[in-house]
Amino acid sequence: QVQLAESGGGLVQPGGSLRLSCAASGGIFRNSDIYWYRGAPGQQRQLVAAIHSGGNIEYVDSVKGRFTASRESTKSMVYLQMNNLKPEDTAVYYCKAEPPGDPLGYWGQGTQVTVSS
């Protein structure tokens, strides 16, 4: 019933931009904290941005000023606008929703972002 699907990844040059999208079904974004993570297969996923249900948005220091996360719950969509991309941003990017009372949450399957010349 609950499905999350990321899209928008690809290959870009350093300094380029990408906009990632995460589409959800089942009304999962309502009252949920939503997170963007990134990581390599088999490795610990690292938090990139947190979109709290109250509206506060937090970013890890490495992406501040370059990435912008947003939520449009009426459209069941969240976004991650990534500007001035660097090679160290290369990773698989995931979105996760954590509804109240469901601490394990729900994960998308990820979208690959590769930053290379």
Evaluate the side-chain contact (heavy atoms from CB on, under 4.5 Å) criterion for residues Leu4 and Cys22: first the C-alpha distance (whole Å), next the side-chain angles of each, then the deciding distance (0.1 Å), finally the verdict. CA-CA 6 Å; Leu4 279 68; Cys22 180; 4.0 Å; yes
Going through the checks in order, is the side-chain contact (heavy atoms from CB on, under 4.5 Å) test met by Val12 and Thr114? CA-CA 6 Å; Val12 298; Thr114 303; over 6 Å; no
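With a 4.5 Å cut-off on side-chain heavy atoms, Pro87 and Pro14 count as touching. Residues Ser7 and Thr111 are not in side-chain contact: their nearest non-hydrogen atoms beyond the backbone lie 4.5 Å or more apart.
The list of side chain to side chain donor-acceptor pair (under 3.5 Å) pairs with a residue in residues 12-27, not counting sequence neighbours, reads Ser17-Asn83, Arg19-Gln81. Listed by first then second residue, pairs satisfying salt bridge (Lys or Arg N to Asp or Glu O under 4.0 Å) with a partner in residues 97-117 read Lys96-Glu98, not counting sequence neighbours. Pairs engaging residues 79-94 under the salt bridge (Lys or Arg N to Asp or Glu O under 4.0 Å) rule: Arg38-Asp89, Arg66-Asp89 [sequence neighbours left out].
Tracing side-chain contacts under 4.5 Å through hydrophobic residues (I, L, V, M, F, W, Y), one never reaches Val92 starting from Tyr106; they form parts of separate clusters. The same ILVMFWY cluster, assembled from side-chain heavy atoms under 4.5 Å apart, contains both Val60 and Leu85.
With values rounded to the nearest 0.5 angstrom, Tyr94 atom OH is found 12.5 Å from Leu20 atom CG. The OH atom of Tyr79 lies 14.0 Å from the OG1 atom of Thr68; values are rounded to the nearest 0.5 Å.
The two residues Glu6 and Cys95 come nearest to each other via the heavy atoms OE2-N, 2.8 Å. Across all their heavy atoms, Val113 and Gly9 have their closest contact at CG2-CA, 4.1 Å. In terms of heavy atoms, Trp36 sits closest to Ala69 at CD1-CB, 4.3 Å. Residues Phe67 and Met82 come closest through the heavy atom pair CE1-CB, 3.5 Å. Residues Pro99 and Ser32 approach most closely at CA-OG, 3.4 Å, considering heavy atoms.
A search for ring pair (Phe, Tyr, Trp, His ring centres under 6.0 Å) contacts involving Tyr37 returns Trp107, not counting sequence neighbours. With sequence neighbours left out, the salt bridge (Lys or Arg N to Asp or Glu O under 4.0 Å) criterion links Asp33 to no other residue.
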Would you mind writing out the side-chain donor-acceptor pairs for residues 45-56 within the sub-3.5 Å range, not counting sequence neighbours?
residue: His52; atom: NE2; partner: Glu58; partner atom: OE1; Å: 2.9

